[in-house]
Amino acid sequence: MSKPIIATTSLAGCFGCHMSLLDIDERILELAELVEFNKSPINDIKKFTKKCDVGLIEGGVCNSENIHVLKDFRENCKILVSVGECAIMGGLPALRNNIPLRECLEEAYLDGPSVENNEERIIPNDEELPLILDKVYPCHEVVKIDIHLPGCPPSADMIYEALVSLITGKELKVPYEAFKYD
Amino acid sequence: MKKDVKSIIAKYNKDETRLMDILIDIQDSLGFISPEAIDVISEDLNLSHVDVEQTISFYHFFSMTPLGKYNIYLNNSAVANMMGCAEVAKVFEEEAGSKFGEVSKDGQLGMFYTSCIGMNDQEPAAIINGMVFTRLTKFRAREIISDIKAGKNVEEMYVASYGDGANSNQLIKSVVSNNIRKIGPILSPKAEYGSALKKIIKLSPDEIIDEVKLSNIRGRGGAGFPTGLKWEFCRKAPGDRKYIFCNADEGEPGTFKDRVLLTERPKRLLEGMAIAGYAVGAEEGIIYLRYEYKYLEEYLENVIREAREANFLGKDICKKKGFNFDVRIQFGAGAYVCGEESALIESAEGKRGEPRDRPPFPVEKGYLNKPTIVNNVETLSSVTQIINNGGEWYRSFGTRESTGTKVLSVSGDCLHPGVYEVEWGFSVNDILDLVGTMGDVQAVQVGGPSGRCIAPYDFNRILGYEDLATGGSLIIIGKQRDLLKDIVLNFMDFFVEESCGSCTPCRSLSVIYRDKLKKILKGRGVQKDLDDMYAWRHIMKGNRCGLGQTALNPILTTLRNFPELYEARIQKNKTFDEGFDIHSALKDSFEITGRKSF
């Protein structure tokens, strides 16, 4: 049997969940025995080269490029996992959701106290730049997500256990603290 | 300004528990509660800024920015919409040249939507500068705006004659109608004021509680807790002071019977409160009255004054040594959840109206942590009649579990909306016969949005605590209505707006369910949405208060009783649809950047 193939990406996140994945330390060698990695910032493969079994998504959806990547993952992965707070609920980036987009951009590029040298009052708008969405969406509001792995970030142990469980088909025991919010 | 605020605070003895009264007076005299006023309040009451601001921001009749010289609060509840509120609102906006939710640029006119104002039998209705305008039409809306532009007094804007009964009293002078369609022992004008008080002074408190227990009356607000038992708990609870609250918050959309009881039989209520005070050993009573009924203030204050003069309130009532009891009115400021007894107490203490954790129950630790009874207007008014005629007499009405009568508020698609006092033991069909329907009835909303929406096959069910309990509101919904869009969505918007936000299930699930419903109405729903909504319903039991626990009932009860309406609107060929619309998500971005594609 060939090894299961894993892909990962970070959308509107801080890469903390990927860092947490790296925190599995030497177990990454065991993981490398168990799985094959495809598109991921970890190995710098930019495009899917084959269909994958598991896609790990960090971060929510804040712009048109995020949508494109997420839909690409949905097409190429059998199972999609929302990893961490931002993917599941929008997280910190979603703090802007109550502020109109125009106000956000004006504060960032025109009126904020740290803005300098923008006499022409330009809000960056190059064709190469993705368009910002009206608000930050959790991944499951844009595509179907199969599994949610909570945490900010989910601990290295939990990410490792979750992947092993997924690959070996064992049930994952998520501690109560991991999904107790208030 | 500072002097005004200081004198208002002084009027309430710099008592932080009277913050609601202080804020209401400042709002009334200055038109809004300014940052400077907040400075003075926090300094004089020794509260932090956020303590003051969190109370202000909780109630929708308070504003921290200036309102208009004229302010229109138009009810946009489900029944108001059924009666044409949207058309009236459109005319208001066109004529005024400003939108609902804002104050016009010249500061003349503020227009706001508000939840049910207790006028469901005479919608569309609005409160304009404290006065209630009922049965609005497009024509009337044009007249009102032109009167406002001409700078007329609100009194001059009335064109109809005053309403029936006490609505035309010099101290009310309102166009509101009582619409009393059927009278029973509680609404009956018979029985002399004070006769029950004269009777109880010869009895011991325990004998009174026994009589109330014998009557088997249960709370008329909706929850149905046995009144005698509540009184007994409060009487036995240790405490140097005790309080009697009358719950006149009546915020459940579709309910307006307490307004009629307060207008027509206020003395019966005051008598009931004094009886409760005597029975449990309380000397202070507080009527928590919703701000929407502020037009009754002068009238009720006068009734209270007359009661004192007649020695039915005050010291040594009916010459009984040591029987002291007095009543004051505490206004709310627009918050549905304050109808929940512990939230009502919090609000009366000058705080956000958030329900408390229980135990301890209010009968042990209520207002100012003293044993407190909170009873509905109708419950207390009924007690007066129970004492007048005896518990045995009261039991002769109704059924075994549901004794006595119920004052119903009936509205919606019927010929004779209004107030009906009927003996318990009636079916929905009996009421439909009484009120006269117009065409086919699709559904009846029993007990307001937090109650149940029932289908015709349930119309023969008996209303009462044994089967279909109700706080007394029935909304008749005709065949011509789009039940999910016109009624259920409106009710869900209401719960999203009115959730106090304390408990996560109520705060979040009400939004998630509302959005799922919107998705289904857009044609993007799938079977999984219905399954999810059904499966997640138990999570709502985690909410602290009864109102939060029922906040999904508009969807859950229609999902159960009208599944075909949902099934007809979902996509059959898809198992999953996230409902995401990229074009609407990018609309702002297209506008800001001038780009047209992504």
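Hydrogens, waters and symmetry mates are skipped; everything else that's a heavy atom, side chains included, is used. A note on names: the letters A, B, ... follow the listed sequences, proteins ahead of strands, and every chain is numbered from 1.
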Looking only at heavy atoms, the pair that brings B/Glu578 and A/Glu141 closest together is CG-O, 3.3 Å

How close do A/Arg102 and B/Glu591 get, counting heavy atoms only, and between which atoms?
NH2-O, 4.3 Å

Please determine which of B/Asp588, B/Ile592, B/Leu586 meets the side-chain contact (heavy atoms from CB on, under 4.5 Å) test together with A/Leu131.
B/Leu586

Need one label for B/Ser597: side chain, backbone, both or neither, based on atoms under 4.5 Å from any heavy atom in chain A.
backbone

A/Lys46, NZ atom: more than 12 neighbouring heavy atoms under 6.0 Å:
no

Flag yes if more than 12 heavy atoms outside B/Lys485 fall under 6.0 Å of its NZ atom; otherwise flag no.
no

Let me know if A/His140 has heavy atoms under 4.5 Å from chain B in its side chain, its backbone, both or neither.
backbone

If you draw a 6.0 Å radius around CG in A/Asp25, do more than 12 non-hydrogen atoms from other residues or ligands fall strictly inside?
yes

If you apply the rule side chain to side chain contact (heavy atoms under 4.5 Å, CB included), what do you find for A/Asn125 with B/Arg595, and how did you get there?
CA-CA 9 Å; A/Asn125 181 21; B/Arg595 280 151 72 179; 3.0 Å; yes

Option in A/Val142, A/Leu101, A/Ile123 with maximal non-hydrogen atom pairs under 4.5 Å from chain B
A/Val142

Side chain / backbone / both / neither for A/Leu133 at chain B, heavy atoms under 4.5 Å
both

Are the side chains of B/Phe580 and A/Ile67 in contact, using a 4.5 Å heavy-atom criterion?
yes

